[in-house]
Visitor: 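Below are the structure tokens for one structure; questions will follow.
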2 protein chains.
Amino acid sequence: MASSGRGRDTPIRSVMALLGDRWTTLILLVLATSEWRHAELRRVLARISAEQAISQRVLTLKLRALERDGFISRRVTADVPPKVSYALTPLGLALHDRARDLIEWIKTRGGEIEAHRAAWDAAGAGD
Amino acid sequence: MASSGRGRDTPIRSVMALLGDRWTTLILLVLATSEWRHAELRRVLARISAEQAISQRVLTLKLRALERDGFISRRVTADVPPKVSYALTPLGLALHDRARDLIEWIKTRGGEIEAHRAAWDAAGAGD
DNA sequence: CAGGATCCGATTGGATACTG
DNA sequence: CAGTATCCAATCGGATCCTG
């Protein structure tokens, strides 16, 4: 089942969806710092997300999706047990930069957004 | 139940999720052209998405979410039946601009991404 | 016309157990 | 350690019906 899936998506929609999902952007941010092994990556994601850990299965799914699109590369050593490391490709680094820009923008405007939400929620609270 | 929901999200995650969902970015693109009424908006979204129409319920949900964050404004006339129009706020226009940038980037790199996918799918096809 | 209420299918993400 | 396979809960989006 390696081939299709939701692969008929245009890159536009699927990449936007990637950035919008629960973990992918965080993975990009971490991989931008250096190369990481699977288990290490899981641990650091758990720490910085602060809520809860990514499951092993979902981490694999997200890494595969990023690899399929050419955003990350996977390197395996011949050791036993094998060591598998992930790193951003140049394309992935470029995507990361875009994600950063977006995050920075949201940070600068985050106050306004939260103010709107507070006002909205206050107005609707008396239902 | 107007208040909470997934409202405890930080703007970062929720705005990224907004851009990554099925319709929101498309809605931003359309609203950037002018003000639209609910039914018109539904029709034009159906046309440009080419796959299938957004349901009435989901359009309302998306518009409410955008309104809550202060990205769009809702204007109602005193007519019977009332006319309801939606338009981008300055904050929403700024978000739209960021979405456009991202889309443009994906377009310029889309070829590479699709090439990676093709290679990946071909490699995995012989399972 | 705008939109709320229901019901439903599909997808997403998490927990756990198991394999090379 | 890295990854797969199940099973399950929650969320998302769609279809339909109903109301001011």
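Excluded from the calculations below are hydrogen atoms, water molecules and symmetry mates; all remaining heavy atoms, backbone and side chain alike, are included. Just so it is clear: chains get the letters A, B, ... in the order the sequence lines come, proteins before strands, and each one is counted from 1.
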Visitor: Each nucleotide N or O in nucleotides 16-20 of chain C that has a protein N or O under 3.5 Å away: list the pair and distance.
Guide:
| residue | atom | partner | partner atom | Å |
| --- | --- | --- | --- | --- |
| C:dA17 | N6 | A:Gln56 | OE1 | 3.4 |

Visitor: Provide, to the nearest angstrom, the distance between the CG atom belonging to B:Asp79 and the C1' atom belonging to C:dC1.
Guide: 11 Å

Visitor: Decide, yes or no, whether a salt bridge links B:Arg117 with B:Glu114 under the criterion of side-chain N to carboxylate O below 4.0 Å.
Guide: no

Visitor: Are any of A:Lys62's side-chain N or O atoms less than 4.0 Å away from OP1 or OP2 of C:dG13?
Guide: yes

Visitor: Evaluate B:Ser14 against B:Arg68 for side-chain hydrogen bond (donor to acceptor under 3.5 Å, both in side chains), listing each step before the verdict.
Guide: CA-CA 12 Å; B:Ser14 59; B:Arg68 185 171 97 106; over 6 Å; no

Visitor: Consider only side-chain heavy atoms of I, L, V, M, F, W and Y, link residues closer than 4.5 Å, and tell whether B:Val30 and B:Leu61 are in one cluster.
Guide: no

Visitor: Select one nucleotide: of D:dC1, C:dA2, D:dG3, the one nearest the side-chain heavy atoms of A:Arg37.
Guide: D:dC1

Visitor: Quick one: which of D:dG14, D:dG3, C:dG3 gets closest to the side chain of B:Val58?
Guide: D:dG14

Visitor: With heavy-atom distances below 4.5 Å as the criterion, would you say the side chains of B:Leu63 and B:Leu41 are in contact?
Guide: yes

Visitor: What is the distance from CZ of B:Arg43 to C1' of C:dA2, rounded to the nearest Å?
Guide: 12 Å

Visitor: Under a 3.5 Å distance rule, please check whether A:Thr33 uses its side chain to pair with a backbone N or O of A:Leu29 as donor and acceptor.
Guide: no

Visitor: Nearest whole Å is fine: how far is C:dG13 C1' from A:Ile54 CD1?
Guide: 9 Å

Visitor: Provide, to the nearest angstrom, the distance between the CG atom belonging to A:Leu59 and the C1' atom belonging to D:dC1.
Guide: 13 Å

Visitor: Nearest 0.5 angstrom please: A:His38 NE2 to A:Arg43 CZ, how far?
Guide: 10.0 Å

Visitor: Does a side-chain N or O from A:Tyr86 land closer than 4.0 Å to OP1 or OP2 of D:dG3, or not?
Guide: yes

Visitor: Are B:Leu31 and B:Val84 linked, directly or through intermediate hydrophobic residues, by side-chain heavy-atom contacts shorter than 4.5 Å (ILVMFWY only)?
Guide: yes

Visitor: Atom CG of A:Leu18 to atom C1' of C:dT11: distance rounded to whole Å?
Guide: 15 Å

Visitor: Donor-acceptor pair, A:Thr24 side chain versus A:Leu19 backbone, under 3.5 Å?
Guide: no

Visitor: Strictly distance-based, threshold 3.5 Å: is any side-chain N or O of A:Glu40 a donor or acceptor partner for the main-chain N or O of A:Arg37?
Guide: yes

Visitor: Could you list by number each residue of residues 21-34 of chain A showing a heavy-atom separation from DNA chain C of less than 4.0 Å, or answer none if no residue does?
Guide: A:Asp21, A:Arg22, A:Trp23

Visitor: Between A:Trp105 and B:Arg98 (side chain of the first, backbone of the second, donor and acceptor by atom type, cut-off under 3.5 Å), is there such a pair?
Guide: no

Visitor: In degrees, rounded to 10°, what is the bend between the two ends of the helix from C:dC1-D:dG20 to C:dG20-D:dC1, using five pairs at each?
Guide: 40°

Visitor: Please report the shortest heavy-atom distance between A:Leu91 and B:His116, naming the atom on each side.
Guide: CD2-CD2, 4.2 Å

Visitor: Could you state the atom-to-atom distance from CZ of A:Arg74 to P of D:dC1 in whole Å?
Guide: 16 Å

Visitor: How long is the straight-line distance from CE of A:Met16 back to CG of B:Leu18, given to the nearest 0.5 Å?
Guide: 10.0 Å

Visitor: In whole angstroms, how far is the P atom of D:dT11 from the CZ atom of B:Arg13?
Guide: 12 Å

Visitor: B:Glu40 has an atom CD; how far is it from atom P of C:dC1, in whole Å?
Guide: 10 Å

